[in-house]
Student: 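Have a look at this one.
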Amino acid sequence: MKTYLQLGVVYLTSFTAWFFVVPLVVYGYITNSFPGQGSLTILMMTLPSLFAMVGGFAAIPLTRIMSKKSIVIVALCLSLCGGLIIRFMGTSSLTIALIGAAITGIPAGLLPSVNNVVLPNIAPEKLREKVIGFNYAMLTLGMVIVTALSGFLAADGDWVRAYSVFYIIIPIITIVIFFYPRVKDNTTQDIALTTNTEPKERNDSSLISVLSSVPKFVIALLIVRFIAGFFYMGIPLNASEYFINERDINSSLVGMGASIANFFAIFGTAFVFIWLRKLKRFSLMMALVLCSIAGIASLTLPSVYANMFGWILAGMGTLIFSSAVNTLVVLGFKGKMAETISSLCIVAMFAGEFLAGYVSPLLSNLIFGGVSASANIQVATVGCIIIGIASVPYCKIAYKHLYASEKKESFVDKEINM
């Protein structure tokens, strides 16, 4: 019972990690508060992602000087402070609002980085391969609920009221202080958790040493993770503009499609372990293929509802891919190596997704001689397929690493043979 309570507390902290999405809902009202400053107000949406990368990087050294419980408490306090700064002072100064937005982004990188390491360490054996998928489901659930709540709270145009959702964090901090698990740090760096191999003894556990010993297949998958973000996020980023301006679809249907897509994505990430078991080396490729099908459906099918179905597939593919990558590259390691890889994976995710808003239009302009939402979706669709195919050989190695014990194969021996 204690174990399941601890799992619940960890998932509760993940639920709050992506509260920084509030500006996506109320951005129209923000621009009304600061007319003529569009080049700056857009930072309300982009700064949190940039600082989420900072949080992901910061998790690497912080886990070496602080307990994971302390890091989580600090992250939650930062999120609360950032939200309340905007809640009470956001309309008085755009600079203050931007500072608050940046602060809310830091926990978005810190919390998943730490929780993805803690969860496999406290989970019962039968749940180990499921916990990271469940974690992404909670991240998504929190994002969906806070999106709905913030829209309701700011319905009268008073956009800072949307940030009242951050009050939810106060009782969660109290729960974390008493019940968040204390995970004993393990200096083992690169041994697979799923094997019976004895840990490698290393005298040097410094950050540089750990980074230099990250396996090549993990580096390759982190690069895939980064580049894939350019394209899978290119579809939902351009979907709203495409549906409303190019297909003349009512915005209420677009909003409904986005909500339904997120809802189905929660289930997709929760059961990503089945996806990995069934598709194996093709797990990442097929997740990106879902995104590609979504792009094709949006561009070619005449039915509005077929377009909405495509958007649902895009949402599922995006989050299944994210959850599957983290499961593959994090779950097979422990100690310092797991902490480092988890943080780098979060950084790669936010970096790639941040650049998605720039890469697709740039490629569209180079290929088609102009930029439009439909052209951006075409580029993103093809990009997903190419990156998906490129992921197969590295996904194969990662899969064998993760499930080595079932194949009676030692990862360490495998690396030596390679």
Student: According to the ring pair (Phe, Tyr, Trp, His ring centres under 6.0 Å) rule, which pairs have a member within residues 29-54, sequence neighbours left out?
Tutor: none
Student: Is the shortest side-chain heavy-atom distance between Val22 and Tyr163 below 4.5 Å?
Tutor: yes
Student: Please report the closest heavy-atom contact between Ser360 and Ala380, naming both atoms and the distance.
Tutor: OG-CB, 4.4 Å
Student: Got a donor-acceptor contact below 3.5 angstrom from the Tyr11 side chain to the Val131 backbone?
Tutor: yes
Student: Should the pair Phe217 and Phe333 be assigned to parallel (<30°), tilted (30 to 60°) or perpendicular (>60°) ring geometry?
Tutor: parallel
Student: With distance as the sole criterion, is a donor-acceptor pair present between the side chains of Ser67 and Ser70 under 3.5 Å?
Tutor: yes
Student: Using side-chain heavy atoms (C-beta onward) and a distance below 4.5 Å, is Phe231 in contact with Val379?
Tutor: yes
Student: So does Ala162 get a backbone contact from the side chain of Ser150, meaning a donor-acceptor N/O pair under 3.5 Å?
Tutor: no
Student: Which residues pass the ring pair (Phe, Tyr, Trp, His ring centres under 6.0 Å) test with Tyr27, not counting sequence neighbours?
Tutor: none
Student: Kindly indicate whether the side chain of Tyr4, heavy atoms from C-beta on, has any atom under 4.5 Å from the side chain of Leu7.
Tutor: yes
Student: Between Lys69 (side chain only) and Ile177 (backbone N and O only), is there a donor and an acceptor less than 3.5 Å apart?
Tutor: yes
Student: Between Phe230 and Phe226, how do the two ring planes meet: parallel, tilted or perpendicular, split at 30° and 60°?
Tutor: perpendicular
Student: Sequence neighbours left out, what passes side chain to side chain donor-acceptor pair (under 3.5 Å) with Tyr136? Give chain and number order.
Tutor: Asn326
Student: Would you say Ser322's side chain and Thr318's backbone share a donor-acceptor pair under 3.5 angstrom?
Tutor: yes
Student: Okay, side chain of Ser342, backbone of Glu339: is any donor-acceptor separation there less than 3.5 Å?
Tutor: no
Student: Quick one: are Glu353 and Tyr232 in side-chain contact, heavy atoms under 4.5 Å?
Tutor: yes
Student: Do any N or O atoms from the side chain of Asp158 and from the backbone of Ala154 form a donor-acceptor pair under 3.5 angstrom?
Tutor: no
Student: What distance do Leu284 atom CG and Cys395 atom SG have between them, rounded to the nearest 0.5 Å?
Tutor: 4.0 Å
